[in-house]
Asker: 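Please see the structure below; I have some questions.
Proteins come first, then strands; the chains are lettered A, B, ... in the order of their sequence lines, and each starts at number 1.
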There are 2 protein chains.
Amino acid sequence: MLQEPILTGTQNCAECPIRHRAVCARCETDELQRLEEVKYYRRFEAGQTIIWCGDRMDFVGSVVSGVATLSQTMEDGRTQMVGLLLPSDFVGRPGRPVAAYDVTATTDVLMCCFRKAPFEGLMADTPHIAHRLLEMTLDELDAAREWMLVLGRKTAREKIASLLSIIARRDAILHQRSKDAPVVFDLPLTREAMADYLGLTLETVSRQVSALRKDGVISLEGKRRITVPDLSRLLDEAGDDSAT
Amino acid sequence: MLQEPILTGTQNCAECPIRHRAVCARCETDELQRLEEVKYYRRFEAGQTIIWCGDRMDFVGSVVSGVATLSQTMEDGRTQMVGLLLPSDFVGRPGRPVAAYDVTATTDVLMCCFRKAPFEGLMADTPHIAHRLLEMTLDELDAAREWMLVLGRKTAREKIASLLSIIARRDAILHQRSKDAPVVFDLPLTREAMADYLGLTLETVSRQVSALRKDGVISLEGKRRITVPDLSRLLDEAGDDSAT
DNA sequence: CGCATCATTGAGGGCTCTCAAGAACTGTGG
DNA sequence: CCACAGTTCTTGAGAGCCCTCAATGATGCG
């Protein structure tokens with residue numbers, strides 16, 4: 001799905017694609033070296049569960065490539081996605097021994113893992129890691145709160161448009177397209193995963209995607225490839241005050 | 001609503017009721033002294049807006065007493081509460097010049113404010129503040145994610161039960177009651193505020209509260225005072241896996 | 001080609017919202 | 001102490017949005 005460098009064994013941090021956005025972004029070379037001593041890579045296939053809620057966590061880490069999801073499940077099977085993990089996002093909570101959520105790979109995922117105990121020691125020693133983690137956590141908190149508005153107050157159509165807007169915006173930044181060019185991207189999520197993210201059923205997701213297509217807000221190539229001819233139109237549909 | 005100490009002018013941190021839970025919890029006496037130099041108190045009446053979304057923020061701070069809410073509003077007036085601020089909770093984001101949410105006092109509120117620029121300087125110097133803030137932010141992120149499940153997947157009845165559970169649990173901890181004694185507390189929120197928190201209308205909130213009363217899960221004295229005869233019953237209604 | 005997975009579409013029902021009226025509580029002034 | 005407005009809350013009736021159940025269609029892989 002997403003391009004992924006072929007990595008075998010240990011990789012040099014200096015050449016890491018997420019070097020300047022991950023939890024290690026602010027580290028000096030000596031700090032990086034200490035991180036490198038406690039790090040290792042793990043690879044997961046699309047669909048595979050990375051961590052089960054309640055499992056002992058002996059590592060924390062960063063998503064290097066691919067997309068993973070954070071989700072919660074009730075006894076009767078209702079599930080709600082509570083986070084989308086993109087490259088550079090952090091997994092795990094320092095100081096907590098047990099995972100609070102299920103983590104699942106939705107595409108092939110490469111993770112850079114740090115052994116937990118030494119990582120916690122590093123956090124205490126080197127302010128750069130702790131500061132960066134605080135910054136990232138504050139960003140995630142903002143994203144979670146943004147999402148609470150989507151879940152609590154938006155219609156199914158607005159929910160779909162909101163999700164597509166987020167992915168489209170990320171894509172626009174990543175590829176630095178011109179403002180007026182149509183945005184094209186692949187959905188990294190199945191209809192079911194979209195439903196779990198949006199608090200809908202997969203049938204409703206399917207219906208609303210079809211409706212947006214019929215209304216010309218988006219067009220589809222196959223099931224996953226989406227073209228947005230007019231991004232501001234999509235933002236309107238999402239109900240966000242895009243201004244202008 | 002909540003008892004509130006009568007404070008005039010500056011107060012000594014050593015006697016502060018939230019001394020050991022707020023952002024300053026880990027500070028040594030010399031760090032506290034530096035904090036005290038940049039702090040001041042502000043008082044807000046119930047119903048008053050503390051901060052408008054988009055306002056310049058020249059301070060951050062802690063709720064000392066009372067209850068405040070964090071909320072987002074769409075252009076057409078739909079609003080979603082995204083956080084409940086209780087005593088010791090932190091307000092504002094270091095490094096951000098502008099408020100991202102509306103902050104409203106739902107009861108009389110006393111806030112301990114720190115001038116933003118010097119506070120940010122202190123954060124860079126003293127690891128205790130940054131560490132505590134990270135810990136608090138991670139807790140808030142967990143709470144936000146917990147709430148996403150409520151908003152996305154729970155029924156109206158379960159939503160009400162979930163909200164009451166949260167308040168009841170906090171009250172049980174605060175008052176250290178025996179396990180089996182009935183829990184009694186005052187709702188710090190109007191029906192409308194509850195609706196904004198739960199992603200419902202106030203009519204639905206009212207109906208479901210009545211239904212829980214008719215079914216004996218709770219009983220009411222006036223509109224606000226609630227008795228929970230059997231907490232585990234309430235937790236069941238909330239749909240959480242309370243286990244035993 | 002057949003199977004499995006993922007997605008689409010339809011029909012009907014239920015939960016929550018909208019609109020509306022009235023009741024209960026609060027504070028003010030006579 | 002009571003009258004009266006203003007706010008908050010409750011309750012009802014009907015509509016609409018989304019869910020549930022079900023069948024069909026597309027896509028990919030052995």
Asker: I need the minimum non-hydrogen distance between A:Pro182 and A:Pro229, along with the two atoms involved.
Answerer: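 Scanning both residues, the minimum pair turns out to be CB-CA, 4.1 Å.
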Asker: Could you run through nucleotides 25-30 of chain D and give me one letter per nucleotide, 5' to 3': B if any protein heavy atom sits under 4.0 Å from the base, S if only the sugar-phosphate is that close, - if neither?
Answerer: --S---
Asker: So which heavy atom on A:Glu45 is nearest to which on A:Asp108, and how close?
Answerer: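 Smallest heavy-atom distance, with atoms named: CA-OD1, 3.3 Å.
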Asker: Step by step, would you call A:Lys223 with A:Leu187 a side chain to side chain contact (heavy atoms under 4.5 Å, CB included)?
Answerer: CA-CA 9 Å; A:Lys223 315 271 179 190; A:Leu187 276 175; over 6 Å; no
Asker: To the nearest Å, how far apart are B:Arg191 CZ and C:dT26 P?
Answerer: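 Going from B:Arg191 (CZ) to C:dT26 (P), I get 13 Å.
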Asker: Let me check the geometry of the helix from C:dC1-D:dG30 to C:dG30-D:dC1. What is the bend angle between the axes at its two ends, five pairs each, to 10°?
Answerer: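 The helix from C:dC1-D:dG30 to C:dG30-D:dC1 shows an end-to-end axis angle of 30°.
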Asker: Could you give all pairs that pass the salt bridge (Lys or Arg N to Asp or Glu O under 4.0 Å) test and reach residues 198-215 of chain B, with sequence neighbours left out?
Answerer: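 Passing the test, one end in residues 198-215 of chain B: B:Arg157-B:Asp215.
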Asker: Which ring pair (Phe, Tyr, Trp, His ring centres under 6.0 Å) pairs, counting each pair once, include a residue from residues 197-226 of chain B, with sequence neighbours left out?
Answerer: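 Every ring pair (Phe, Tyr, Trp, His ring centres under 6.0 Å) pair that includes a residue of residues 197-226 of chain B, provided the two are not neighbours, is B:Trp147-B:Tyr197.
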Asker: When the distance from CZ of A:Arg224 to P of C:dC6 is rounded to whole Å, what number comes out?
Answerer: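 It is 9 Å, rounded to the nearest whole Å.
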Asker: In this structure, how many angstroms lie between the P atom of D:dC9 and the CZ atom of B:Arg225, rounded?
Answerer: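 Rounding to the nearest Å, CZ of B:Arg225 and P of D:dC9 are 16 Å apart.
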Asker: Check whether any side-chain heavy atom of B:Leu85 lies under 4.5 Å from a side-chain heavy atom of B:Val67, and answer yes or no.
Answerer: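 No, too far: nothing below the 4.5 Å cut-off.
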Asker: In this structure, how many angstroms lie between the C1' atom of C:dC25 and the CG atom of B:Leu187, rounded?
Answerer: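 Spelled out: CG on B:Leu187 to C1' on C:dC25 is 15 Å.
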Asker: Side-chain contact test, heavy atoms from C-beta onward, threshold under 4.5 Å: evaluate it for A:Leu70 versus A:Asp102 and give yes or no.
Answerer: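 A:Leu70 does not reach A:Asp102 side chain to side chain.
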Asker: Can you measure A:Glu158 atom CD to D:dC18 atom P for me and round it to whole angstrom units?
Answerer: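 Result: 9 Å.
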Asker: Can you tell me how far the OG1 atom of A:Thr137 sits from the CZ atom of A:Arg93, to the nearest 0.5 Å?
Answerer: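 Going from the OG1 atom of A:Thr137 to the CZ atom of A:Arg93 covers 9.0 Å.
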Asker: Enumerate the side chain to side chain donor-acceptor pair (under 3.5 Å) contacts for residues 160-169 of chain B, please, sequence neighbours excluded, ordered by first and then second residue.
Answerer: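 As it turns out, the side chain to side chain donor-acceptor pair (under 3.5 Å) pairs with a partner in residues 160-169 of chain B, which skip direct neighbours, are B:Lys154-B:Ser162.
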Asker: Rounded to whole angstrom units, what separation is found between the CD atom of A:Glu192 and the P atom of C:dA4?
Answerer: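 Roughly 18 Å, once rounded to whole Å.
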Asker: Answer yes or no for B:Arg225 and B:Phe185: cation-pi contact, defined as NZ/CZ to six-membered ring centre under 6.0 Å and angle to ring axis within 45°.
Answerer: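 No, a cation-pi geometry is absent between B:Arg225 and B:Phe185.
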Asker: Does the side chain of B:Val209 reach to within under 4.5 Å of the side chain of B:Arg191, using non-hydrogen atoms?
Answerer: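 With C-beta onward as the side chain, the pair touches.
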Asker: Want to settle it: does B:Lys214 or A:Thr155 sit nearer the 5' end of DNA chain D, counting the closest nucleotide to each?
Answerer: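 Of the two residues, B:Lys214 wins.
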Asker: Where along residues 197-213 of chain A does a heavy atom come under 4.0 Å from DNA chain D, residue by residue in number order?
Answerer: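 Contacts with DNA chain D under 4.0 Å: A:Gly199, A:Leu200, A:Thr201, A:Glu203, A:Thr204, A:Arg207.
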Asker: Using atom CZ of A:Arg78 as one end and atom C1' of D:dT20 as the other, report the distance to the nearest whole Å.
Answerer: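 Going from A:Arg78 (CZ) to D:dT20 (C1'), I get 14 Å.
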Asker: May I have the distance from B:Asp196 (atom CG) to D:dC9 (atom P), rounded to whole angstrom?
Answerer: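 That distance rounds to 12 Å.
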